Participant: 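Pasting in a structure now, in C-alpha cells, and then I'll have a few things to ask.
Remember, predicted model here, so these are calculated numbers, not experimental data.
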Amino acid sequence: MSEFEKRIAQQVELRADESGTKTLTGYAAVFNSSTDIGGYFTEQIAPGAFAETIKGDVRCLFNHQSGNVLGRTKSGTLRLSEDSHGLRFEVDLPDTVLGKDVGTLVARGDISGCSFDFRAMKQSWDDTVDPPRRTLEKVEISEVSIVTFPAYADTTVGVRSLDEWRSGARSQQNAVAAARRVAGKKAAMEQKFRGILGRTDP
C-alpha cells in the first residue's frame with residue numbers, strides 16, 4: 001500500500017526540566033492492543049513493527065500541518081523508541097510562538113491528544129473472525145502530530161487492503177482447487193490407462 005492512514009494515539013503529557021525545556025511525551029502506538037476501525041475490521045500492531053521507522057526521519061507537527069513543525073528525529077528534537085508497551089515519543093518544544101502556545105495549551109488541558117500518519121509495509125489478515133483482524137507487522141510513520149481534535153481512524157485504505165487480500169486469497173484458493181481438479185483428472189486417466197494395458201483380451 002502506498003497511501004498513509006491516520007490513527008488516534010494516546011494522550012500527551014508535558015514535563016519541564018531544570019533548564020526550562022518543555023518536552024511532550026506519549027505513545028504514538030500501543031502493541032497488541034485491538035482497535036476497532038469503523039466497524040469494518042479490528043487492528044493490532046505487533047511488537048517490533050516500528051524498528052525501521054525509528055531509524056528514519058520523522059517530524060512532529062501541530063494539527064498535521066507541515067508548516068507547524070515542533071520537532072524532528074534528524075535534529076534530535078524528536079525521539080522515538082520502542083519498549084514493551086509500544087512506540088514512545090518525546091519532543092522538545094521549540095522556543096517559538098507555536099512551541100510556547102502548544103506547551104501552554106497542553107499544560108492547561110485544552111489539548112491532550114495526538115495522532116499519527118502511517119503506511120503499512122507488512123501486514124497480515126485473519127478473515128476467520130468477525131470482524132476480520134488486521135495485524136500490522138512493519139509500519140512506516142511519516143509524522144506524529146499534537147492535535148486539537150484527534151481524527152477518527154481512517155478506514156478507506158484499510159478496507160481496500162482487506163479487499164485486495166481477500167481477492168488474493170480467493171485467487172489462491174481457486175488456483176489450489178484448479179490444481180486439485182487437474183491432478184484428479186490426471187490420476188483418473190492414468191488409472192484408466194493402466195486398466196487398458198493390464199487387460200487381457202480373450
Participant: Residues in salt bridge (Lys or Arg N to Asp or Glu O under 4.0 Å) with Asp95, at least two apart?
Facilitator: Lys100
Participant: Is a donor on one side and an acceptor on the other found under 3.5 Å between the side chain of Thr53 and the backbone of Val139?
Facilitator: yes
Participant: Less than 4.0 angstrom from a charged side-chain N to a carboxylate O is my criterion; do Arg134 and Glu5 meet it?
Facilitator: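 Here Arg134 pairs with Glu5 in a salt bridge, since their nearest N and O are under 4.0 Å apart.
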Participant: Name all residues meeting the ring pair (Phe, Tyr, Trp, His ring centres under 6.0 Å) criterion together with Phe118; count only those two or more places apart in sequence or in a different chain, and write none if there are none.
Facilitator: Phe116
Participant: Verify whether one side chain among Ser34 and Gln44 offers a donor that lies under 3.5 Å from an acceptor in the other.
Facilitator: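 Looking only at side-chain atoms, Gln44 and Ser34 do not form any donor-acceptor pair under 3.5 Å.
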Participant: The criterion is side-chain hydrogen bond (donor to acceptor under 3.5 Å, both in side chains); which residues satisfy it with Arg59, sequence neighbours excluded?
Facilitator: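 Testing Arg59 for side-chain hydrogen bond (donor to acceptor under 3.5 Å, both in side chains), a comparison that skips the adjacent residues, returns none.
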Participant: Could you pull out the closest heavy-atom pair between Thr25 and Arg88, with the gap in Å?
Facilitator: CB-NH2, 3.8 Å
Participant: Please indicate whether Glu137 has more than 12 foreign heavy atoms, meaning atoms of other residues, nucleotides or ligands, lying under 6.0 Å from its CD.
Facilitator: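 Atom CD in Glu137 is crowded, with more than 12 foreign heavy atoms closer than 6.0 Å.
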Participant: Any side-chain donor paired with an acceptor under 3.5 Å for Gln123 and Thr135?
Facilitator: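 No, Thr135 and Gln123 have no side-chain donor paired with an acceptor closer than 3.5 Å.
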Participant: Taking C-beta and beyond as the side chain, do Glu140 and Phe50 meet within less than 4.5 Å on heavy atoms?
Facilitator: no
Participant: The criterion is side-chain hydrogen bond (donor to acceptor under 3.5 Å, both in side chains); which residues satisfy it with Thr96, sequence neighbours excluded?
Facilitator: none
Participant: Atom OG1 in Thr35, atom CD1 in Ile45: separation rounded to 0.5 Å?
Facilitator: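 With rounding to 0.5 Å, OG1 (Thr35) is 7.0 Å from CD1 (Ile45).
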Participant: To the nearest 0.5 Å, tell me how far Ser145 OG sits from His64 NE2.
Facilitator: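 Spacing of OG (Ser145) from NE2 (His64) equals 4.5 Å.
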Participant: Consider only side-chain heavy atoms of I, L, V, M, F, W and Y, link residues closer than 4.5 Å, and tell whether Leu24 and Ile54 are in one cluster.
Facilitator: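 Yes.
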Participant: Identify the heavy atoms of Cys114 and Val12 that sit nearest to each other, and give their distance.
Facilitator: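 For Cys114 and Val12, the tightest heavy-atom pair comes out as CB-CG2, 3.7 Å.
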Participant: Before giving the answer on side chain to side chain contact (heavy atoms under 4.5 Å, CB included), spell out for Trp125 and Leu162 the whole-Å C-alpha distance, their side-chain angles and the decisive distance to 0.1 Å.
Facilitator: CA-CA 7 Å; Trp125 289 89; Leu162 173 60; 3.4 Å; yes
Participant: Answer yes if Leu98 and Leu78 sit in the same cluster of Ile, Leu, Val, Met, Phe, Trp and Tyr residues linked by side chain heavy atoms under 4.5 Å apart, and no otherwise.
Facilitator: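 Result: yes, single cluster for both.
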Participant: Taking the side chain as every heavy atom from C-beta outward, state whether Ile37 and Val159 have any pair of such atoms under 4.5 Å apart.
Facilitator: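 Sidechains of Val159 and Ile37: no contact.
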Participant: Atom OG in Ser124, atom CG in Leu136: separation rounded to 0.5 Å?
Facilitator: 8.5 Å
Participant: So, do Val144 and Leu61 sit near enough that their side-chain heavy atoms are less than 4.5 Å apart?
Facilitator: no
Participant: Taking C-beta and beyond as the side chain, do Val58 and Leu80 meet within less than 4.5 Å on heavy atoms?
Facilitator: yes
Participant: Just say parallel, tilted or perpendicular for the rings of Tyr27 and His85, cut-offs at 30° and 60°.
Facilitator: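 Rings of Tyr27 and His85: perpendicular, as their planes differ by over 60°.
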Participant: Please check if any side-chain donor atom of Asp92 sits under 3.5 Å from a side-chain acceptor atom of Thr23, or the reverse.
Facilitator: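 A pair is found: one side chain offers a donor N or O, the other an acceptor, under 3.5 Å apart.
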Participant: Using a 3.5 Å distance criterion without hydrogens, assess whether the side chain of Thr77 forms a donor-acceptor pair with backbone atoms of Arg72.
Facilitator: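 Yes: the side chain of Thr77 pairs with the backbone of Arg72.
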Participant: Among all residues two or more places apart in sequence or in another chain, which pass the ring pair (Phe, Tyr, Trp, His ring centres under 6.0 Å) test with Phe62?
Facilitator: none
Participant: So that I can tick it off, tell me whether Glu43 and Arg7 are bridged by a salt bridge, with the cut-off set at under 4.0 angstrom between side-chain N and carboxylate O.
Facilitator: yes
Participant: Going by heavy atoms in the side chains, are Pro132 and Arg166 under 4.5 Å from each other?
Facilitator: yes
Participant: For Glu52 and Met121, what are the C-alpha separation, side-chain angles and deciding distance, and is it a side chain to side chain contact (heavy atoms under 4.5 Å, CB included)?
Facilitator: CA-CA 10 Å; Glu52 295 303 316; Met121 306 300 291; over 6 Å; no
Participant: Any side-chain heavy atom of Val106 within less than 4.5 Å of one from Leu93?
Facilitator: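 With C-beta onward as the side chain, the pair stays apart.
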Participant: Could Asp57 and Lys74 be called an ion pair, given the rule that one side-chain N must be under 4.0 Å from one carboxylate O?
Facilitator: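 The answer is no: the pair does not qualify as a salt bridge.
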Participant: Tell me, do Pro94 and Leu70 make a side-chain contact under 4.5 Å, heavy atoms counted?
Facilitator: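 A side-chain contact exists here, since the closest heavy-atom pair is under 4.5 Å.
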Participant: Rounded to the nearest 0.5 Å, how far does OG of Ser142 lie from CG of Asp117?
Facilitator: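 It comes to 4.0 Å.
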Participant: Given Leu105, which partner from the list Thr148, Leu14, Asp110, Ile146 fulfils the side chain to side chain contact (heavy atoms under 4.5 Å, CB included) test?
Facilitator: Asp110
Participant: Provide the closest heavy-atom pair for Pro131 versus Thr42 in the form atom of the first, atom of the second, distance.
Facilitator: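 Closest approach of Pro131 to Thr42: CG-CG2, 3.9 Å.
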Participant: Ignoring hydrogens and angles, tell me if any N or O in the side chain of Asp83 forms a donor-acceptor pair with the backbone of Gly86 under 3.5 Å.
Facilitator: yes
Participant: For Gln65, is there any backbone N or O sitting under 3.5 Å from a side-chain donor or acceptor partner on Asn63?
Facilitator: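 Not at all, since once roles are kept as given, no pair shorter than 3.5 Å links the two residues.
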Participant: Residues in ring pair (Phe, Tyr, Trp, His ring centres under 6.0 Å) with Phe89, at least two apart?
Facilitator: none
Participant: State plainly whether the residues Arg15 and Glu90 are in salt-bridge range, i.e. N to O under 4.0 Å.
Facilitator: yes
